[in-house]
Protein chains: 2
Amino acid sequence: MISPLEVFRTYIKEKGLRNTPERETIIREIFSVHDHFDVDELFLRMRDQKSKIAKASIYRAIPLLIESGLIKEAFFEDGHLHYEPIYGHSRHCHLRCICCGKVVEFVEEEMDNIVDRLAKEYHFNILDHRLDFTGYCAECNNKMNDQDNVDTKELL
Amino acid sequence: MISPLEVFRTYIKEKGLRNTPERETIIREIFSVHDHFDVDELFLRMRDQKSKIAKASIYRAIPLLIESGLIKEAFFEDGHLHYEPIYGHSRHCHLRCICCGKVVEFVEEEMDNIVDRLAKEYHFNILDHRLDFTGYCAECNNKMNDQDNVDTKELL
DNA sequence: ATTGTTATTGTAAATTAATTGCAATAAGAA
DNA sequence: TTCTTATTGCAATTAATTTACAATAACAAT
Ligand SMILES: [Mn+2]
Ligand SMILES: [Mn+2]
Ligand SMILES: [Zn+2]
Ligand SMILES: [Zn+2]
């Protein structure tokens with residue numbers, strides 16, 4: 001399987017742009033963890049690896065990483081965008097706990113059918129979709145119930 | 001059916017907060033249009049109605065409107081959040097054109113089943129979900145193809 | 001109705017994410 | 001190696017959202 005770096009190099013050449021060690025470092029860091037990230041987090045991770053890359057360079061790289069199919073926007077939370085690597089990852093949806101932030105990923109087989117149906121019905125050329133569920137994970141749900149019970153007892 | 005204003009008044013009382021004409025104006029404006037909106041847009045709409053409400057008051061009202069179940073975040077686009085009224089609206093998904101911004105709404109019956117299945121499988125108390133599809137609408141898709149043809153001709 | 005408490009407002013300043021101008025650097029084609 | 005110009009780091013800017021603060025007003029209790 002072609003590596004993310006190779007995919008990016010091909011994209012860069014195709015677009016007549018220039019590849020740089022900075023961009024490769026960014027890609028390597030993203031694909032060394034394979035998890036959701038935001039710009040600040042990625043910047044700090046790279047700083048920990050002794051990288052001196054400016055945050056502006058990360059911001060400037062992101063549209064290219066999206067265009068080349070390496071990453072995509074995952075969700076907007078806490079006032080900023082979060083991204084995730086998608087190259088080499090199966091299309092998946094998210095189940096997110098609004099209490100502790102835990103994210104469960106899962107593949108929803110039904111989605112392809114829905115996309116096909118919608119494309120026909122609304123004459124859309126559908127390129128992407130995002131399916132996110134939010135609620136409380138088992139732990140947080142239990143914690144809340146316990147808390148409620150405490151409150152109730154206090155009131156008695 | 002209970003009006004959005006009544007729902008909000010009940011919520012406000014329940015929370016020991018105070019209702020204000022400003023908040024009611026905001027709710028009235030949102031539910032006079034029943035469409036997606038962002039803060040700036042809503043602010044301008046209200047200014048057109050000769051309302052002098054400060055933008056900060058809209059920002060401060062939004063969490064209450066969400067908490068009371070009147071509106072929810074719809075999507076993040078063009079660098080800021082967009083909201084939509086949900087009270088009195090059926091749960092729906094979005095099909096959004098990334099070229100012209102057109103939004104098609106539709107109800108996806110399958111979602112309830114998926115929610116039930118996930119809740120059981122992952123022991124989540126699922127409160128909400130967001131299903132958005134993005135791509136090109138028929139018109140924009142055609143326009144793009146025409147454009148491509150022009151480009152191709154120019155190259156010949 | 002009047003009063004008292006304090007939540008809410010408008011204004012301006014602050015904060016935060018993201019973008020951009022600029023001069024120095026360096027990628028990569030020639 | 002040379003040349004062109006895309007990319008970088010840095011600092012300044014823009015834009016969305018939040019917040020401090022003093023004035024106002026909601027509404028519960030007189
Ligand atoms: Mn994911
Ligand atoms: Mn909608
Ligand atoms: Zn949780
Ligand atoms: Zn369109």
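On a predicted model such as this, the values are computed, not experimentally measured, just so you know. Just so we're on the same page: letters track the sequence lines, and every chain starts at 1.
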Calculate the interatomic distance between His80(B) atom NE2 and dT16(C) atom P; express it in whole Å. 21 Å
Asn19(B) has an atom CG; how far is it from atom P of dC27(D), in whole Å? 6 Å
Between Tyr59(B) and dT18(D), does any side-chain N or O lie under 4.0 Å from OP1 or OP2? no
Just say parallel, tilted or perpendicular for the rings of Tyr87(A) and Phe31(A), cut-offs at 30° and 60°. perpendicular
Touch check for Pro63(A), heavy atoms < 4.0 angstrom, all strands: base, sugar-phosphate only, or nothing? nothing
Round to the nearest Å and state the distance from Arg60(B) atom CZ to dA26(D) atom P. 16 Å
Are Glu139(B) and Lys143(B) within salt-bridge range, i.e. N to O under 4.0 Å? no
Partner of Glu29(A) under salt bridge (charged side-chain N to carboxylate O under 4.0 Å, His left out), chosen from Lys50(A), Arg45(A), Arg23(A): Arg45(A)
For Ala61(A) and Gly79(B), find the nucleotide of DNA chain D closest to each by heavy atoms; which residue's nucleotide sits nearer the 5' end? Ala61(A)
Ala54(B) side chain, from C-beta outward: closest of dG9(D), dA18(C), dT11(C): dT11(C)
Looking at Asp112(B) and Arg91(B), does any basic side-chain N land under 4.0 Å from a carboxylate oxygen? no
Nearest-nucleotide 5' precedence on DNA chain C, Leu17(A) against Gly16(B): Gly16(B)
Rounded to whole angstrom units, what separation is found between the NZ atom of Lys52(A) and the C1' atom of dT25(C)? 17 Å
Against the side chain of Arg18(B), the closest entry in dT6(C), dA18(C), dT4(D) is dT6(C)
Just the rounded figure in Å: distance from C1' of dT11(C) to CD1 of Ile58(B). 15 Å
Look at all strands and tell whether Lys55(B) reaches a base, only sugar-phosphate, or nothing, counting heavy atoms closer than 4.0 Å. nothing
5'-most contact on DNA chain D: Ile53(A) or Ile12(B), nearest heavy atom basis? Ile53(A)
Rounded to whole angstrom units, what separation is found between the CD atom of Glu22(B) and the P atom of dA23(D)? 18 Å
Of all the nucleotides listed (dA11(D), dG28(C), dT9(C)), which has the minimum atom distance to the side chain of Thr20(B)? dT9(C)
Over 60° means perpendicular and under 30° means parallel, so classify the ring planes of His36(B) and Phe75(B), tilted if in between. perpendicular
Would you indicate whether the side-chain heavy atoms of Asp116(B) and Ile114(B) approach each other to under 4.5 Å? no
Let me know the distance between CD of Glu41(B) and P of dA15(D), rounded to the nearest Å. 17 Å
Mind listing the residues from residues 23-37 of chain A sitting with a heavy atom below 4.0 Å of DNA chain D? Number order is fine. Arg23(A)
Kindly assign one of parallel, tilted or perpendicular to the pair Phe76(A) and Phe76(B), based on the angle between their ring planes and the thresholds 30° and 60°. parallel
Name of the residue among Lys72(B), His34(B), His94(B), His89(B) meeting side-chain hydrogen bond (donor to acceptor under 3.5 Å, both in side chains) with Glu84(B): His94(B)
How close or far is atom P of dT7(D) from atom NZ of Lys13(A), stated in whole angstroms? 14 Å
N/O (side chain, Ser57(A)) to phosphate O (OP1/OP2, dT7(D)) under 4.0 Å: no
